[in-house]
Amino acid sequence: MRKYSVAIVGATGMVGQRYTSLLAGHPWFEIKALAASPRSAGKAYEEAVQGRWAFEWPIPEGVIGMNVMDATDVEGVTKDVDFVFCAVDMPKDEIRALEEKYARTETPVVSNNSAFRYTPDIPMMIPEVNPGHMQVIPSQRKRLGTKTGFITCKPNCSIQGYVPALTPLREFGVAKISVCTYQAISGAGKTFERWPEMVDNVIPYIGGEEHKSEVEPLKIWGKVDQGEIKPAERPIISAQCYRVAASDGHMAAVSVSFDKKPPIDEIRSLWDSYEGLPQKYKLPSAPEKFLTYFDQPDRPQTRLDRDLYDGMGVSIGRLREDNIFDYKFVSLSHNTLRGAAGGSVETAELLCHEGYIPHK
């Protein structure tokens, strides 16, 4: 097949670096442009990330010498690409303005940023969970005045372990959720070398995270109505979010009540059989199995299980009855793969498969 030409906007940050690694040798996508802030513009990529490369493996050969463009040079960045991945570190109003400029060049934007998550005609997708939200894209294009350009974004990384786990159970009426997330430092774009005060530490606060964890699932579980996504009114969600001394991987401890309490065996069966469109279509980034349950009482563990199916699988364990709620369990997802760059790449694969991203 003819490959899609892509640009990575925000290519020098941790998520941008993940994109360069995930797209090296990708069967559908080929990196044609890299863009970042003005301080990196004009440099070779290797020079732009010198001293900041976040991973143990080397910079992919295909981008080492690639010239980094200025992310605000929208016409230049989009000149030879079919769509862009965007993961910039900017104020939200500036991100909104920038991503709309990209979309108005008739270049679809697959965003890792949070700026448009609450916009009713912009899909916020976990591809296995709410692919139907793609249906709002024509309405968004009408608002933007574009034929092919649009924006889609991914949800907060901390919810991408427990929202997938609860989705197959919604038929029983998920009523109340209490969740505590234990989030790795890469979620802040940091390594232990750059954040030494996190070694042997837990910080019981991540700015804005609890609000996102309580609100975003409702949009994901919402319905498309007259060209907009209408958030679900239930369940009630209470979240606490902690930063912990792990390099990668966000764990969630979940307690849940239902309108109609299901048997444990039925929950396990639904988890075991659940699959989404990425599995059905065998998309390149799709994990063979989306939800994996561990019977061992001490699993999943962040270090052992975050890389399940190349970091795209969701791990679940410790399902048991709860004294206040109906059940409790733990879940785990890789925050910079499933929760960030990998989830965005899978989203782009689904959008291409469904015809929303054409070749220019």
Side-chain angles (χ1 to χ4, degrees), residues 125-132 155 157-182 213 216-218 220-221 232 234-239 249-283 285-335 337-339 342-343 346:
M125 289 171 49
I126 301 174
E128 286 89 349
V129 173
N130 60 332
C157 51
S158 68
I159 72 173
Q160 298 198 45
Y162 64 89
V163 166
L166 290 167
T167 294
L169 312 181
R170 295 188 68 228
E171 63 184 89
F172 302 107
V174 179
K176 295 180 180 180
I177 300 167
S178 177
V179 60
C180 185
T181 57
Y182 304 89
S213 299
E216 290 185 19
L218 299 178
I220 291 171
W221 288 327
R234 302 170 75 223
I236 298 169
I237 304 173
S238 175
H250 288 356
M251 182 172 285
V254 184
S255 297
V256 57
S257 290
F258 300 92
D259 293 334
K260 182 181 178 182
K261 183 179 178 181
I264 280 185
D265 288 348
E266 191 162 357
I267 293 174
R268 290 284 305 274
S269 177
L270 287 167
W271 281 342
D272 187 59
S273 61
Y274 187 81
E275 68 171 15
L277 291 183
Q279 285 71 42
K280 179 182 177 181
Y281 298 152
K282 299 187 185 303
L283 299 180
S285 297
E288 180 181 339
K289 191 172 176 56
F290 183 44
L291 306 177
T292 298
Y293 188 86
F294 287 88
D295 288 304
Q296 300 95 317
D298 61 348
R299 303 282 289 277
Q301 292 181 26
T302 299
R303 233 170 79 175
L304 296 180
D305 302 311
R306 62 192 171 201
D307 293 318
L308 185 70
Y309 294 112
D310 295 322
M312 292 295 289
V314 174
S315 305
I316 312 170
R318 300 205 70 211
L319 176 64
R320 62 226 190 266
E321 301 230 4
D322 185 79
N323 291 331
I324 299 175
F325 294 78
D326 287 333
Y327 292 109
K328 53 191 171 186
F329 63 88
V330 295
S331 61
L332 172 72
S333 60
H334 196 301
N335 56 298
L337 288 169
R338 165 57 67 179
E346 188 187 59

Which atom pair, heavy atoms only, marks the closest approach of [X] to [Y]?
X: S333; Y: R338; result: CB-CG, 4.2 Å
X: R234; Y: D259; result: NH2-OD1, 2.8 Å
X: S255; Y: K328; result: OG-CB, 3.7 Å
X: S315; Y: L308; result: OG-CD2, 3.5 Å
X: V330; Y: R299; result: CG2-O, 4.4 Å

Any donor-acceptor pair under 3.5 Å from Q279 side chain to P287 backbone:
yes
Value rounded to 0.5 Å, distance of CG in L319 from CD1 in I267:
5.0 Å
What distance separates K289 NZ from S273 OG, expressed to the nearest 0.5 Å?
7.5 Å
Looking at E346, M312, K280, which hits side chain to side chain contact (heavy atoms under 4.5 Å, CB included) with E128?
E346
Taking the side chain as everything from C-beta on, heavy atoms only, tell me whether I237 gets closer than 4.5 Å to E216.
no
Close side-chain approach of P127 and L277, heavy atoms under 4.5 Å:
no
Trace of the side-chain contact (heavy atoms from CB on, under 4.5 Å) decision for H334 with D307
CA-CA 7 Å; H334 196 301; D307 293 318; 3.4 Å; yes
Extract all donor-acceptor atom pairs below 3.5 Å that involve side chains of residues 165-182 and protein atoms in other chains or at least two apart in sequence.
{"from": "T167", "atom 1": "OG1", "to": "V163", "atom 2": "O", "distance (Å)": "2.7"}
{"from": "T167", "atom 1": "OG1", "to": "W221", "atom 2": "NE1", "distance (Å)": "3.0"}
{"from": "T181", "atom 1": "OG1", "to": "Q183", "atom 2": "OE1", "distance (Å)": "2.7"}

Using the ring pair (Phe, Tyr, Trp, His ring centres under 6.0 Å) rule, pick out the option among Y162, F294, W271 that qualifies with F329.
W271
Look at atom CG of D310 and say whether more than 12 heavy atoms of other residues, nucleotides or ligands are closer to it than 6.0 Å.
no
